[in-house]
Colleague: 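I am attaching a structure below and will ask some questions about it afterwards.
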There are 2 protein chains.
Amino acid sequence: MSATMRDVARAAGVSVKTVSNVVNDFPHVAATTRSRVLEAIEHLGYQMNFSARNLSLGRTGMITLAVPELSLPYFAALSDEVIDAASERGYTVLIEQTGGQRERELEVLVSARRRMTDGLIFSPLALRGPDAPTLEVEFPVVLLGERSLHSRVPHVAMANVDAARAVTEHLLALGRRRIALVGTFDPQGAGAGSLRTRGFLEALTAAGLEHPPALVGPAEAWTRTTGAEAMRGLLDGGEPFDAVFALNDVLALGAMRVLYERDVVVPDAVAVAGFDDIEEGRFARPSLTTVAPGLPQIARTAVELLVERLTAEAGAVDGPGLEVVADFTMQPRESTLGRAPRPSP
Amino acid sequence: MSATMRDVARAAGVSVKTVSNVVNDFPHVAATTRSRVLEAIEHLGYQMNFSARNLSLGRTGMITLAVPELSLPYFAALSDEVIDAASERGYTVLIEQTGGQRERELEVLVSARRRMTDGLIFSPLALRGPDAPTLEVEFPVVLLGERSLHSRVPHVAMANVDAARAVTEHLLALGRRRIALVGTFDPQGAGAGSLRTRGFLEALTAAGLEHPPALVGPAEAWTRTTGAEAMRGLLDGGEPFDAVFALNDVLALGAMRVLYERDVVVPDAVAVAGFDDIEEGRFARPSLTTVAPGLPQIARTAVELLVERLTAEAGAVDGPGLEVVADFTMQPRESTLGRAPRPSP
DNA sequence: TTGTATGCGTTATCAC
DNA sequence: GTGATAACGCATACAA
């Protein structure tokens, strides 16, 4: 089929080793030899066989990124950043979608597909504490998420609690006192939702407020659609509220849509805040107050940590449960502040 | 390191070939032998080495999907669908981002990374007619886009012209007569933008209308930000218009945001329509009228065509420039129809 | 600086 | 049904 190194070697009148040296930019190759080889490569249209190289090297130069779903803007943006960061370091990214289902998340760790890559950046959604041992695999893994899940796997976390508290404090500072929560209410859990809920409750408590159970709009999956459903439930429930904290931006956008449909003015009647700072929120009407969890930092750090482990001497000991927490930034916008005053005509 | 087939063979007291047979579910293996091998596999925690298998098989079971950018909702949704469709057929997808830059699009065709996969699904943005020969590569390619670009490469296209005409007719049917275009105005070109522009102009011509050059809001890249800029330009230009056709949804959403900021009511003063039917548009305020290009069909067809070529007998002749055009569906919503009447309280 | 020989782990061929 | 053995194409000691 396609030309091999041997063909090139033959054509250039050198050995395979020399061709290999040229292809891999080894320093000690005579200029004339090099050019002769390059010429043969050009002439034959030689392309390296990566399967052979990978087999010989014992590595593939690929890493897996496992996310719930690419259609969710946050994970699309995450993938974008991870791909670029990995590319800069010479790695190629293979994306696996889990749908946020526990079964498929567990599957990622043992799947045939996973074995085609050198390591894994994993953003689990449904995995719980008891699943932690499953993460103790023999290939390098970097987790995106909370320490609680995994004892010894390095991970890059958001400041979920602090950021959620900041958002809630922002709502409180605006005088809102009855803040509904949109998303799963589970302050005891280990996932991002639970942590954000804890930050939310902490802020309320610090302000001397209680959170009425009726002010929860539950949403199993975090999508615009479930956010909308949750908001319908809240409005139909009759328990009054003057603000909404949605556990992420798409939930918030779904909720805002329903508020619009029900003629509830944002932020006058109800202020809305989300979490993630997806670009969509900046263009929403009203633009969405949210908190930026430091996505670029998260993506780059995750890639760095993984590559570090991939290139580490085989004997290198795993650092004990390294944790990196990204910096967050509040992004107050119209959905809580109201519309900027227009210059009068 | 990890156990190999030979280790398993030794442990089970059989030959490597037998292990291979078991692993690959070959029919002619004695039940007792099979279970013995499986036990050894379990015991040793054997995992197949894919680089070795790929080398031996001469294929990798991976395909490349090259898109401009995952952060753009349309391409995120496309990737989502392609990954799932490929997965169903036993293929893994490796995503390449081109940024819509010609350089990087050309690079995709020859990059080292590409050589790790068996084929390519390519959604080019900047490639032009003269680049067509570059697409004549020796590995299977399926293009997402227009025939014009490529003479002989199979491709899956949208009904860009027809769909754009339908959207424009929708605006005309609502009585709009001065329709601004947001996006690149280039009716002569070969890309999706040009085709949509042609459909747009066709509808206008059929209605006996001309399109004033001033009613173009140019946007090189198709993003919310450039859509917003384009709309600012249109409004500042002073040429009055009562509708906007944006060449895609994110452009439309960016434009709608600026209309809001400038107190131009949609659709009362200006109706807005887009193209792509991204989910975001359904939740926008007002919800965005658009046209659905048949994304699932496009993704599945592309994967099917590629897999077909990958599995075809080596001798099989390439069908001459096969073209599949997906079905489109108008999605009229609030941004042109106005808000559905609310039941009075 | 360059060549030779061997191994990487799997599949395929063909006997048995 | 199962086993020995030769590819697959490249990298890499080690030798020259």
Side-chain angles (χ1 to χ4, degrees), chain A residues 1-41 44-62 90 112-113 115-118 138-139 311 314, chain B residues 1-38 40-41 44-62 90 112 115-118 138-139 311 314:
Chain A
M1 194 71 146
S2 186
T4 75
M5 265 195 183
R6 200 160 53 195
D7 301 328
V8 176
R10 201 147 29 202
V14 299
S15 81
V16 198
K17 165 65 172 163
T18 303
V19 178
S20 175
N21 284 343
V22 171
V23 169
N24 293 298
D25 284 325
F26 264 48
H28 302 299
V29 178
T32 70
T33 314
R34 175 185 303 278
S35 63
R36 197 144 38 98
V37 170
L38 288 177
E39 193 177 350
I41 287 178
L44 295 175
Y46 166 74
Q47 311 235 112
M48 161 119 71
N49 180 321
F50 272 75
S51 296
R53 156 186 271 220
N54 292 343
L55 173 59
S56 196
L57 252 40
R59 49 175 299 255
T60 66
M62 300 190 292
R113 226 157 11 208
R115 269 170 258 150
M116 302 202 290
T117 65
D118 298 332
E138 83 291 358
F139 54 86
T311 53
Chain B
M1 195 72 143
S2 186
T4 75
M5 266 195 181
R6 199 158 55 195
D7 300 329
V8 176
R10 202 147 30 202
V14 299
S15 81
V16 204
K17 170 61 176 166
T18 303
V19 179
S20 176
N21 284 342
V22 171
V23 169
N24 292 297
D25 285 323
F26 265 50
H28 303 298
V29 178
T32 69
T33 313
R34 175 186 304 278
S35 63
R36 198 144 38 97
V37 169
L38 289 176
I41 287 178
L44 294 175
Y46 165 75
Q47 310 233 110
M48 161 117 74
N49 179 321
F50 273 75
S51 295
R53 157 185 270 217
N54 292 343
L55 173 59
S56 194
L57 252 40
R59 48 175 299 258
T60 66
M62 301 190 291
R115 269 170 258 150
M116 303 203 289
T117 64
D118 298 332
E138 83 290 358
F139 54 87
T311 54

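In what follows, chains are A, B, ... by sequence order, proteins preceding strands, each numbered from 1.
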Colleague: Students often get this wrong, so: under 4.0 angstrom with heavy atoms, is A/Val16 touching a base, only sugar-phosphate, or nothing?
Modeller: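 Result for A/Val16 = nothing.
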Colleague: Using whole Å, what does the distance between atom P of nucleotide C/dA15 and atom NZ of B/Lys17 come to?
Modeller: 15 Å
Colleague: Quickly work out the A/Asn24 CG to D/dT12 C1' distance and round it to whole Å.
Modeller: 11 Å
Colleague: Over all strands shown, is B/Leu55 touching base, sugar-phosphate only, or nothing at heavy-atom distances under 4.0 angstrom?
Modeller: base
Colleague: Categorize B/Asn54 for me: base, sugar-phosphate, or nothing, with a 4.0 angstrom heavy-atom threshold over every strand shown.
Modeller: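 The residue B/Asn54 makes no contact with any strand.
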Colleague: Expressed as a whole number of angstroms, how long is the span from B/Asp25:CG to C/dT11:P?
Modeller: 12 Å
Colleague: So, is A/Thr18 close to the C/dG3 phosphate, meaning a side-chain N or O under 4.0 Å from OP1 or OP2?
Modeller: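 True: A/Thr18 side-chain N/O within range (under 4.0 Å) of C/dG3 OP1/OP2.
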Colleague: Mind calculating the distance between CD1 (A/Ile41) and P (D/dC10) to the nearest angstrom?
Modeller: 10 Å
Colleague: Could you work out which one of C/dT2, C/dC8, D/dA11 sits closest to the side chain of A/Ser20?
Modeller: D/dA11
Colleague: Looking only at side-chain atoms of B/Thr33, point me to the closest of D/dG3, D/dT2, C/dG9.
Modeller: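 In terms of side-chain proximity for B/Thr33, the closest of D/dG3, D/dT2, C/dG9 is D/dT2.
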Colleague: Taking OP1 and OP2 of D/dA11, is either one under 4.0 Å from a side-chain nitrogen or oxygen of A/Arg53?
Modeller: yes
Colleague: Counting distance alone, no hydrogens or angles: does the base of C/dG7 have a donor or acceptor under 3.5 Å from a partner atom on the side chain of A/Ser56?
Modeller: yes
Colleague: Taking atom P of D/dC8 as reference, at what distance in whole Å does atom CG of A/Leu57 sit?
Modeller: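 To the nearest whole Å, that distance equals 21 Å.
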Colleague: Can you find a pair of side-chain heavy atoms, one from A/Gln47 and one from B/Glu138, that are under 4.5 Å apart?
Modeller: yes
Colleague: Is the phosphate of C/dT4 approached by A/Ser15 (side-chain N or O, under 4.0 Å from OP1 or OP2)?
Modeller: no
Colleague: Please state how far atom CZ in B/Arg36 lies from atom P in D/dG1, giving the value in whole angstrom units.
Modeller: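 In whole Å, D/dG1 P and B/Arg36 CZ are 15 Å from each other.
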Colleague: Go nucleotide by nucleotide along DNA chain D from the 5' end; which of B/Arg34 and A/Met5 gets its closest nucleotide reached first?
Modeller: B/Arg34
Colleague: Atom OG in B/Ser51, atom CE in B/Met116: separation rounded to 0.5 Å?
Modeller: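 Answer rounded to 0.5 Å: 10.0 Å.
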Colleague: How long is the line joining CE of B/Met48 and P of C/dC8, in whole Å?
Modeller: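 It works out to 18 Å between those atoms.
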Colleague: Take the protein atom NE2 of A/His28 and the nucleotide atom C1' of D/dA11, then report the distance between them rounded to whole Å.
Modeller: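 Nearest whole value for this atom pair: 17 Å.
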Colleague: Using a heavy-atom cut-off of 4.0 Å across all strands, would you classify A/Val19 as base, sugar-phosphate, or nothing?
Modeller: nothing
Colleague: So, do A/Met5 and A/Ile41 sit near enough that their side-chain heavy atoms are less than 4.5 Å apart?
Modeller: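 No, too far: nothing below the 4.5 Å cut-off.
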Colleague: I need the A/Asn49 CG to B/Leu55 CG distance, nearest 0.5 Å.
Modeller: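 Reported to 0.5 Å precision, the distance equals 6.0 Å.
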Colleague: For B/Thr60 and B/Asp118, does a side-chain donor sit closer than 3.5 Å to a side-chain acceptor?
Modeller: yes
Colleague: Return whichever of A/Phe50 or B/Val29 has its heavy-atom-nearest nucleotide of DNA chain D closer to the 5' end.
Modeller: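 Upstream on the strand: B/Val29.
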